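Because the structure is predicted, anything quoted here is derived from the model rather than measured.
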Amino acid sequence: MGNKAKRLSVAMGSKAKLVDGSMDWRKLFVPSTEQSLQYFPPKVAEGSVLVEPPPEVFDIGVQVWANSLILQFIDRSPPFESLKRTLQHLWGQNGDVEIKSIGTNLYIVRLSSAEVRDAILEGGPWHVQNKPVIVRKWEPGMTRFAV
């Protein structure tokens with residue numbers, strides 16, 4: 001067994017075992033005990049195949065995003081990394097700010113609490129790098145504004 005294989009074996013611990021000096025890569029994709037996947041059978045409605053998870057899955061998703069805001073830029077948004085740094089500076093004093101792009105000039109920002117979210121909503125109107133942005137509380141089923 002070469003040094004590289006030994007280092008990889010040590011680094012990966014018991015999840016990946018060496019077989020005849022080579023890596024058993026399948027062991028890297030063994031699910032952890034913290035993860036699980038559920039199968040939701042598809043349904044056909046009006047010629048389209050739909051998958052509807054049970055309501056409790058939807059409820060968990062709502063809880064995850066409950067303290068979030070939707071940002072929609074009126075015009076072109078700043079570059080993503082620049083936007084992240086600016087929002088972390090403006091809004092991150094009381095906790096983490098997680099931002100994800102969800103469409104052209106459209107972002108979701110997850111905040112640490114409802115209090116932080118509400119303070120941001122009350123502190124507007126907002127401009128990021130001299131670009132006006134519509135800031136709304138996230139709600140399930142939201143759609144973008146026509147601007």
Value rounded to 0.5 Å, distance of NZ in K131 from CD1 in I74: 12.0 Å
Minimum heavy-atom distance V133-H127, with the two atoms named: CG1-N, 4.4 Å
Shortest non-hydrogen separation from R117 to L69 and the atoms involved: CG-CD2, 3.4 Å
Exercise: identify the closest heavy-atom pair between N67 and A114: OD1-N, 3.3 Å
Candidate pair W91 and T86, rule side chain to side chain contact (heavy atoms under 4.5 Å, CB included), full reasoning: CA-CA 8 Å; W91 299 342; T86 302; over 6 Å; no
4.5 Å side-chain heavy-atom contact, L111 and V97: yes
V51-V44 co-clustered via ILVMFWY side chain contacts under 4.5 Å: no
E139/K137 under salt bridge (charged side-chain N to carboxylate O under 4.0 Å, His left out): CA gap, chis, key distance, verdict: CA-CA 6 Å; E139 296 174 1; K137 179 180 170 184; 5.4 Å; no
Evaluation steps, side chain to side chain contact (heavy atoms under 4.5 Å, CB included), between F73 and L83: CA-CA 11 Å; F73 284 87; L83 177 62; 3.7 Å; yes
Interatomic distance, S101 atom OG to K84 atom NZ [nearest 0.5 angstrom]: 11.5 Å
Pairwise side-chain contact, I99 with F80, heavy-atom cut-off 4.5 Å (strictly under): yes
Pairwise distance CZ(R76) to CG(N105) - rounded to 0.5 angstrom: 8.5 Å
Heavy-atom donor-acceptor pair, W126 side chain to I120 backbone, under 3.5 Å: yes
For Q129 against P78, the heavy-atom pair lying closest together: OE1-CB, 3.1 Å
Identified side chain to side chain contact (heavy atoms under 4.5 Å, CB included) counterpart of I70 within the set V135, I134, I102: I102
Pairwise distance CD1(I108) to CZ(R136) - rounded to 0.5 angstrom: 11.0 Å
